[in-house]
Amino acid sequence: MFSKDISGRFESEQTPFYHYDLPLLKQTLSECAEAAASYGFHVHYAMKANFNSRILQLVKDAGFGADCVSGNEVNKAIEIGFSPEKVVFAGVGKSDREITEALNHNIFCFNVESVQELEVINDLALKAGKKARVALRINPNVDAHTHHNITTGLAENKFGINQWELPACAEVLTHAKALWLEGIHFHIGSQITDLNVFKSLCVKVNEIKVWFEERGFNIRVLNVGGGLGIDYYQPDVHSIADFKGYFGIFNQFLERKHGQEVHFELGRALVAACGSLISRVLYVKKGIKKNFLVLDAGMTELMRPALYQAYHKIENISKAENEGLVRYDVVGPICESTDCFGKEVELPESERGDLVAIRTAGAYGEVMASRYNLRDEIRFLYSE
Ligand SMILES: *Cc1c(COP(=O)(O)O)cnc(C)c1O
């Protein structure tokens, strides 16, 4: 729950807006950085989770690198002041323009997702008179045991290079004059809460690393991606992910040679908890079987529930907790039936004008906002 001070501040604000708790963000970043440093690991922030400039600035100040999935993200990372030496660029569909711009920025590494992309980067690097550092994004066929819409590491997914294509990659890398193989890269999905999944990933990484080493490639970087899940159900109990436990798994199960670096790309676990979408009840509709709370925020502000049935904790912050609970379907104003934040949500009896907080919305929230229905631009409020 929010302190009286903060919810008091919300009362006079125009809704809806995102509230970012910057002290919580700083605490999360420092716990993550400290845990990573204790094993000598490197963390890049997956900026697609939230590229709000205030947030990026704090992430950069905490010493993280940037993991980008578009040319504009690469440009923004550099503009914010991330060192190009700490910028990586992934994505199944990098355009020629995006690749060339990233080459001109001298970024640390391209995470390459197909044999054809290797050839294209080589050609563009030759043209630009540059050498491109690359890591192969390999699809390890590990099931992330998460929602199927956010699984990325199975053979049926569009992401990454399948293992049977590795000989073809090795062949290209041997002859491509403008490519330098920096390492191997994996990212198997998001919101992974079963840490055994990461153990399985380590086993695969070890295997694939040896495959390359046996063929004479020096694998300096093992990039194991992101995907660490968080607790959407109890945001105040577990407001910071167990970074020590997470990194500890990789420390225990990854086989590292001297000089081999381990890189991570965390998004959600760094920024989700610090954000809440604050909205106001517009109408209370009493039905025969159902009651509806109609909010002034909808899928245009936070798309995750509509997109992948994601759960977010919903709180009425104008009412005391557990006072005359009623079940509501909490919905937005957008002309789509999937514009629903939660069904049968138990809340104190609510009325027009009450403030409602949709918690843990700092990742994949603001960045997915749209103007559908010609909605207003999204607004923000920060706690310093
Ligand atoms: C989205 C993404 C991440 C971050 O995933 P989280 O679940 O937010 O940690 C990391 N790496 C790549 C390549 C991604 O696409």
Side-chain angles (χ1 to χ4, degrees), residues 42-48 60 64-140 152 158-163 165-187 205 208-209 211-213 215-226 259-265:
H42 301 256
V43 184
H44 300 270
Y45 167 58
M47 67 188 269
K48 75 172 189 287
K60 187 210 72 176
F64 291 80
D67 167 41
C68 307
V69 290
S70 74
N72 288 344
E73 284 192 1
V74 171
N75 293 339
K76 174 131 191 181
I78 302 229
E79 197 182 293
I80 291 279
F82 285 91
S83 152
E85 278 299 307
K86 286 187 175 181
V87 172
V88 295
F89 183 12
V92 278
K94 303 178 191 77
S95 72
D96 294 16
R97 184 179 60 82
E98 290 177 310
I99 292 167
T100 303
E101 281 182 18
L103 283 168
N104 288 331
H105 284 306
N106 298 312
I107 63 163
F108 168 59
C109 195
F110 291 84
N111 292 335
V112 177
E113 308 223 8
S114 67
V115 183
Q116 192 174 27
E117 188 191 331
L118 273 180
E119 288 163 345
V120 169
I121 295 179
N122 184 54
D123 288 348
L124 292 171
L126 282 175
K127 259 189 217 149
K130 300 268 185 189
K131 201 141 189 164
R133 288 176 285 195
V134 297
L136 299 176
R137 173 170 181 176
I138 298 163
N139 190 333
T152 55
K158 71 174 176 179
F159 299 100
I161 296 167
N162 288 312
Q163 273 162 267
E165 297 169 296
L166 294 185
C169 291
E171 178 66 21
V172 173
L173 287 166
T174 310
H175 297 105
K177 294 204 162 50
L179 299 184
W180 174 256
L181 181 68
E182 197 68 40
I184 48 180
H185 171 244
F186 304 83
H187 175 67
V205 175
I208 291 168
K209 186 187 75 154
W211 188 93
F212 279 96
E213 287 172 346
R215 281 155 187 80
F217 292 98
N218 176 31
I219 300 296
R220 202 178 64 82
V221 172
L222 305 172
N223 183 334
V224 294
Q260 232 155 22
E261 293 182 358
V262 184
H263 291 212
F264 293 82
E265 299 168 339

Show the nearest heavy-atom pair for residues [X] and [Y], with the distance to one decimal.
X: Glu117; Y: Gly91; answer: OE1-O, 3.9 Å
X: Arg133; Y: Asn106; answer: NH2-O, 3.9 Å
X: Leu222; Y: Lys209; answer: CD2-CD, 3.7 Å
X: Val115; Y: Cys169; answer: CG2-SG, 3.9 Å
X: Glu85; Y: Phe108; answer: O-CB, 3.2 Å
X: Phe82; Y: Phe64; answer: CE2-O, 3.2 Å

I'd like to know if the side chain of Glu113 and the backbone of Ala90 have a donor-acceptor N/O pair within less than 3.5 Å.
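No.
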Looking at Gly226, is its backbone amide N or carbonyl O close enough to the side chain of His187 to form a donor-acceptor pair, meaning the two atoms are under 3.5 Å apart?
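Such a contact is found between His187 side chain and Gly226 backbone.
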Which pairs count as salt bridge (Lys or Arg N to Asp or Glu O under 4.0 Å) when at least one residue sits in residues 171-183, sequence neighbours excluded?
Glu182-Arg220
Distance check, rounded to the nearest 0.5 Å: [X] atom [atom1] versus [Y] atom [atom2]?
X: Glu261; Y: Asn223; atom1: CD; atom2: CG; value: 10.5 Å
X: Asn111; Y: Ile184; atom1: CG; atom2: CD1; value: 11.5 Å
X: Ile107; Y: Glu101; atom1: CD1; atom2: CD; value: 11.5 Å
X: Lys130; Y: Ile99; atom1: NZ; atom2: CD1; value: 15.0 Å
X: Leu124; Y: Thr100; atom1: CG; atom2: OG1; value: 4.5 Å
X: Glu165; Y: Leu118; atom1: CD; atom2: CG; value: 10.5 Å

[X] versus [Y]: any side-chain heavy-atom pair under 4.5 Å?
X: Ser114; Y: Val92; result: no
X: Ile208; Y: Leu166; result: yes
X: Val172; Y: Asn122; result: no
X: Leu103; Y: Phe110; result: yes
X: Phe217; Y: Thr174; result: yes
X: Asn218; Y: Leu181; result: no
X: Ile161; Y: Asn139; result: no
X: Val221; Y: Cys109; result: no

Under the side-chain hydrogen bond (donor to acceptor under 3.5 Å, both in side chains) test, which residues partner Glu119, sequence neighbours left out?
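For Glu119 there are no side-chain hydrogen bond (donor to acceptor under 3.5 Å, both in side chains) partners, ignoring immediate neighbours.
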Would Lys94 count as a cation-pi partner of Phe89, with NZ or CZ less than 6.0 Å from the six-membered ring centre and within 45° of the ring normal?
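Yes, Lys94 and Phe89 form such a contact.
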State whether Glu73 and Lys48 are salt-bridged, where the test is any N-O pair (Lys NZ or Arg NE/NH1/NH2 against Asp/Glu carboxylate O) under 4.0 Å.
no
Test item: side-chain donor near acceptor, Asn75 and His105, under 3.5 Å
yes
Kindly check if the number of other-residue, nucleotide or ligand heavy atoms within 6.0 Å of CD (Glu213) is above 12?
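It does: Glu213 CD has more than 12 such atoms within range.
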